[in-house]
Each structure stands twice: as structure tokens, then as C-alpha cells.
Amino acid sequence: MMHDTNYFCNEAKKLGVDLNKKQIQQFIQFYDMLIEKNKVMNLTAITDFDEVVEKHFLDSISLIRKYPLNQTCKILDLGTGAGFPGIPLKIAFPEIQIMLVDSLNKRVLFLQEVIDALGLSGIVAVHGRAEDLGRNPNYREKFDLCVSRAVANLSSLSEYCIPFVKVGGYFISYKGGDCEEEVNQANSAFTKLGAKLSGLDSFSIGENSRSLVVIEKTHATKKAYPRKAGTPTKDPL
């Protein structure tokens, strides 16, 4: 099936991302696999090609607004779900090293199929919970950047994500356009986790208002965090 990619290429270019033929092909293949798997597994409510381009692909790569991705860096995508933002980031910025983490094994198996089919390297999909992986010395404070598009309160999400980030690195949360109140409420959580708000970038993709919340890690995270499974969601910092 032919997909018109002109809108995608033009909008990506506005973000400063020039996609070549191979990358466009990888995005189309990812889309086709996503829609096929979506018939048997709930991965996305959005299935129209142009909508997936706008709400998943462009949204994912909009990270370039706040972080220099045309370089080697280690990134963790926590709660990646169907692979967002991690797989679009890897396709658009092949030099990054990225680890996708999800708590549902069948999603991780799907992501592995995508990685193999697209011939991507420097990317792994891991099954696990943030509370366990965040305490694992192989992962704790090992990443330059942690990103998440997961739908969770920013205080809870920070407790899941910040332990993975090296001091001097960043956690960037993808949020809807109107998130200032949520960010203000999460400020004390940032401090407890050894981090601080570094910037809030609000913009539009098509008719969708979006924000990138940039949190800088300034100190090592105390051993107490992340707390045991479920606690950060039930009882945010």
C-alpha cells in the first residue's frame, strides 16, 4: 500500500530533520507492522497513516527541539509501549544508542520483531519494571538521557526515570500542551531525586499542543529511590 510521505518529510524538515529514502522506508515498514499487530493486540488507538505520522512519529522526533540527537549518546525510553518515542528516534537519529523498556512482555516481543525487520542496531528492547531496573547497577545512572511518553503523573514518572540518568544528564518528559500546573507540583519531587527543572518547551504539531519538560540531573539519586513497585504511582513524592 502506498503512503503519501510528503507531509511527513516537510514537517520533519521544519524540525531540522532530513529523512533519506531508507529512513522513510523504515518508518513506513514500522507503520505497517504496527497496524498489522494492532489487529490482535492493543498498541494504538490511532491507525490512519497521517495521524500516526503526526501524533506518533513527528511527536517522537520533536525531542530534537531540546536535545542534540545527531551524536552518540545513551538513551532510555521508559514505558515505550508500541515503541514511542524510541523507535522513531532511532530511525531518525541512527547514531544514538537506545534501550526500550516496557513492563508487558508481549509488547517487548513486538518491538524486537520491529528492530529485526528494520535492521536497526544499537537498540535493545527490555522487559521489566522501572522500580526493579532502576535499582540494578547495570542501568542505574548509566544514561545520558531518559525519555518517556508514558501517561503518568510527572512526580511519579520522575521517580521512575531520574534514577537511570547520569549526573549531568537529563530526563525529558513528553506532555500535552497545558502542563504547567503538573510541572509546578512535581518540583519538590525533582529536588528529592537530585534534579531540577531546566526548561519547558510548548509548541504545536498540526493541531496538537505539546510540551517537552526538561529536567536536569544535578546530584546522585538517593538509594531510597525508586521506592518499591507501585508506590511512586500510589503515593507520588
Side-chain angles (χ1 to χ4, degrees), residues 1-71 73 75 77 79-96 98 100 102 107 110-111 113-123 125 145 147-151 172-179 199-214:
M1 191 171 141
M2 291 296 291
H3 302 298
D4 181 6
T5 56
N6 288 336
Y7 172 71
F8 185 21
C9 292
N10 291 337
E11 291 301 309
K13 206 166 262 174
K14 287 180 192 170
L15 288 165
V17 182
D18 274 318
L19 297 170
N20 62 32
K21 273 191 182 142
K22 180 188 173 185
Q23 289 168 310
I24 290 290
Q25 197 48 52
Q26 287 173 320
F27 272 111
I28 290 172
Q29 195 175 353
F30 178 30
Y31 169 77
D32 289 341
M33 290 181 78
L34 181 67
I35 298 311
E36 194 53 40
K37 185 61 84 173
N38 206 50
K39 291 172 184 170
V40 292
M41 202 175 128
N42 183 21
L43 289 169
T44 175
I46 303 159
T47 54
D48 174 73
F49 181 71
D50 288 341
E51 272 202 273
V52 169
V53 160
E54 196 165 274
K55 293 180 179 168
H56 286 326
F57 294 171
L58 289 168
D59 191 69
S60 293
I61 66 173
S62 69
L63 182 68
I64 190 68
R65 294 171 60 95
K66 297 314 288 177
Y67 197 86
L69 293 156
N70 302 315
Q71 58 172 357
C73 54
I75 301 176
D77 173 12
T80 187
F84 302 115
I87 287 180
L89 287 173
K90 182 65 199 179
I91 296 171
F93 308 102
E95 288 167 41
I96 63 174
I98 193 157
L100 313 175
D102 200 83
R107 281 200 290 253
F110 165 69
L111 297 172
E113 283 172 30
V114 172
I115 290 165
D116 294 343
L118 272 52
L120 300 174
S121 59
I123 179 169
L145 176 66
V147 292
S148 187
R149 264 195 7 155
V151 182
I172 299 181
S173 173
Y174 290 69
K175 287 281 175 189
D178 186 19
C179 65
L200 176 59
D201 180 27
S202 298
F203 55 99
S204 296
I205 296 176
E207 291 177 0
N208 305 295
S209 301
R210 302 295 292 156
S211 294
L212 292 168
V213 185
V214 185

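Everything numeric here is computed off the predicted structure, so don't read it as measured data. In what follows, every heavy atom counts, from backbone to side chain, and hydrogens, waters and symmetry copies are set aside.
- Judged by distance alone, the side chains of Ser202 and Ser211 do bring a donor and an acceptor atom under 3.5 Å apart.
- Ala117 and Met33 make their closest contact through CB-SD, 3.7 Å (heavy atoms, listed as atom of the first residue, atom of the second, distance).
- Side-chain contact between Glu11 and Glu54 is absent, with no heavy atoms from C-beta onward closer than 4.5 Å.
- At least one side-chain heavy atom of Tyr7 sits under 4.5 Å from a side-chain heavy atom of Leu58.
- Closest non-hydrogen pair, Cys179 versus Leu200, comes out as SG-CD1, 3.9 Å.
- To the nearest 0.5 Å, atom OH of residue Tyr31 and atom CG of residue Asp48 are 6.0 Å apart.
- One distance of note links CZ of Arg210 with CG of Asp201; it measures 11.5 Å at 0.5 Å rounding.
- Taking 4.5 Å as the limit, some side-chain heavy atom of Asn20 sits within range of a side-chain heavy atom of Gln23.
- The closest side-chain heavy-atom distance from Val40 to Lys37 is below 4.5 Å.
- Side chain of Ser204 to backbone of Ser209: no donor-acceptor contact under 3.5 angstrom is found.
- Minimum heavy-atom separation, His3 to Ile28: CD2-CG2, 3.5 Å.
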Kindly determine whether Thr47 and Val52 satisfy side chain to side chain contact (heavy atoms under 4.5 Å, CB included), including the steps that lead there. CA-CA 6 Å; Thr47 54; Val52 169; 5.6 Å; no
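- Sorted pairs that involve residues 22-31 and meet salt bridge (Lys or Arg N to Asp or Glu O under 4.0 Å), not counting sequence neighbours, are lacking altogether.
- Between atom CD1 of residue Ile35 and atom CG of residue Leu43 there is a gap of 9.0 Å, rounded to the nearest 0.5 Å.
- The minimum heavy-atom distance linking Val17 with Ala92 is given by the pair CG1-CB, 4.2 Å.
- At a threshold of 4.5 Å between non-hydrogen side-chain atoms, the residues Leu15 and Ile61 count as touching.
- Side-chain atoms of Pro85 and Asp77, non-hydrogen and from C-beta on, do get closer than 4.5 Å to each other.
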Check the pair Phe203, Leu212 against side chain to side chain contact (heavy atoms under 4.5 Å, CB included), reporting the backbone distance first and the verdict last. CA-CA 9 Å; Phe203 55 99; Leu212 292 168; 3.8 Å; yes
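- In terms of modelled atom types and a separation under 3.5 Å, the side chain of Lys55 and the main chain of Ile205 share no donor-acceptor contact.
- At least one side-chain heavy atom of Ile64 sits under 4.5 Å from a side-chain heavy atom of Asn70.
- Side chains of Leu120 and Gln26 form a contact here, defined as non-hydrogen atoms less than 4.5 Å apart.
- Note that the CG atom of Leu100 and the CD1 atom of Ile115 stand 5.5 Å from one another [nearest 0.5 Å].
- Residues Phe30 and Phe84 place their aromatic rings such that the two centres sit under 6.0 Å apart.
- Asn10 CG: more than 12 foreign heavy atoms inside a 6.0 Å radius.
- Atom CG of Leu34 sits about 9.5 Å away from atom CE of Met41, to the nearest 0.5 Å.
- In terms of heavy-atom proximity, Asp102 sits nearest to Arg107 at OD2-NE, 2.8 Å.
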Checking Leu63 against Leu145 for the side chain to side chain contact (heavy atoms under 4.5 Å, CB included) test, could you report, in this order, the C-alpha distance in whole Å, the side-chain angles of both residues, the deciding distance, and whether it holds? CA-CA 11 Å; Leu63 182 68; Leu145 176 66; 4.0 Å; yes
Does the pair Ile123 and Ile87 meet the rule for a side chain to side chain contact (heavy atoms under 4.5 Å, CB included), with working shown? CA-CA 9 Å; Ile123 179 169; Ile87 287 180; 4.2 Å; yes
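- Of the possible polar contacts, none joining the Tyr174 side chain to the Val213 backbone as a donor-acceptor pair under 3.5 Å is found.
- The heavy-atom pair separating Ser60 from Leu89 by the smallest distance is O-CD2, 3.5 Å.
- Classified by interplanar angle (parallel below 30°, tilted 30° to 60°, perpendicular above 60°), the ring pair Phe57/Phe8 is tilted.
- Distance check, rounded to the nearest 0.5 Å: CD1 of Ile96 to CD1 of Ile75 gives 4.0 Å.
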